[in-house]
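Below, each value reflects all heavy atoms present in this structure, side chains not excepted, and no hydrogens, waters or symmetry copies. Being a predicted model, the structure only gives us computed values, none of them experimental. Counting starts at 1 for both ligands and their atoms, following the listed order.
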Amino acid sequence: MLFLVRMDVNIPADMPEEKAAAIKATEKAYSQNLQREGKWVSIWRVVGEYANYSVFNAESNDELHEMLSGLPLFPYMDIEVIPLAKHPSDIH
Ligand SMILES: O=C(O)CC1=CCC(=O)O1
């Protein structure tokens with residue numbers, strides 16, 4: 001099952017820079033592990049915003065929720081999930 005996910009990141013302005021940098025580094029490793037596993041299919045920066053659009057391949061809503069809620073930046077994110085179905089005009 002494919003899901004389009006938008007993540008908007010809102011790190012509190014008063015968070016110490018070192019703590020923010022550590023969370024971002026952990027987030028990057030977490031994301032890249034899921035990408036290597038084929039679960040996090042792609043990630044794109046939204047131009048001019050601290051946000052991304054990502055495509056996830058999950059077995060179920062529960063698996064997607066587990067992946068998203070495990071994000072180190074999860075406490076500082078607004079997340080929108082759009083389930084995707086095959087388009088009848090898709091030639092692939
Ligand atoms: O920078 C972001 O958009 C948040 C994020 C998700 C995965 C990652 O490495 O950073």
Side-chain angles (χ1 to χ4, degrees):
M1 301 163 67
L2 293 177
F3 298 87
L4 178 64
V5 178
R6 179 176 171 128
M7 303 176 203
D8 286 88
V9 185
N10 307 292
I11 296 177
D14 62 354
M15 181 184 288
E17 188 52 44
E18 278 180 11
K19 182 177 176 187
I23 296 172
K24 287 178 196 175
T26 313
E27 176 88 6
K28 183 174 184 176
Y30 180 90
S31 165
Q32 291 185 337
N33 279 340
L34 288 174
Q35 289 176 58
R36 287 187 200 96
E37 290 173 10
K39 295 289 183 185
W40 195 323
V41 178
S42 61
I43 179 168
W44 297 91
R45 176 64 74 218
V46 179
V47 175
E49 298 183 44
Y50 193 180
N52 72 73
Y53 276 104
S54 292
V55 175
F56 282 83
N57 190 355
E59 296 296 321
S60 64
N61 292 350
D62 288 341
E63 187 190 23
L64 180 65
H65 183 75
E66 202 171 302
M67 288 191 276
L68 296 178
S69 59
L71 288 163
L73 282 172
F74 182 77
Y76 312 108
M77 281 179 169
D78 293 320
I79 297 179
E80 178 189 13
V81 175
I82 301 172
L84 301 175
K86 192 166 173 59
H87 194 287
S89 301
D90 184 9
I91 62 168
H92 299 106

- N57: partners by side chain to side chain donor-acceptor pair (under 3.5 Å), with sequence neighbours left out: none
- Query: Hey, does K39 have a side-chain heavy atom less than 4.5 Å from the side chain of E59?
  - Reply: yes
- Item | Cluster check M67, Y53: I/L/V/M/F/W/Y, side chain < 4.5 angstrom |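 No.
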- Query: Partners of E49 by salt bridge (charged side-chain N to carboxylate O under 4.0 Å, His left out), sequence neighbours excluded?
  - Reply: R6
- Message: With side chain to side chain contact (heavy atoms under 4.5 Å, CB included) as the test, pick out the partner of F56 among V81, L2, I43, L68.
- Response: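 When side chain to side chain contact (heavy atoms under 4.5 Å, CB included) is applied between F56 and each of V81, L2, I43, L68, only L68 qualifies.
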Could you list, one pair per line, each nitrogen or oxygen of ligand 1 together with any protein nitrogen or oxygen closer than 3.5 Å, giving atom names and the distance rounded to 0.1 Å?
residue: ligand 1; atom: 1 (O); partner: R45; partner atom: NH1; Å: 3.4
residue: ligand 1; atom: 1 (O); partner: R45; partner atom: NH2; Å: 2.8
residue: ligand 1; atom: 3 (O); partner: R45; partner atom: NH1; Å: 2.7
residue: ligand 1; atom: 3 (O); partner: N52; partner atom: ND2; Å: 2.8

- Query: How would you list all residue pairs meeting salt bridge (Lys or Arg N to Asp or Glu O under 4.0 Å) that involve residues 18-29, not counting sequence neighbours?
  - Reply: none
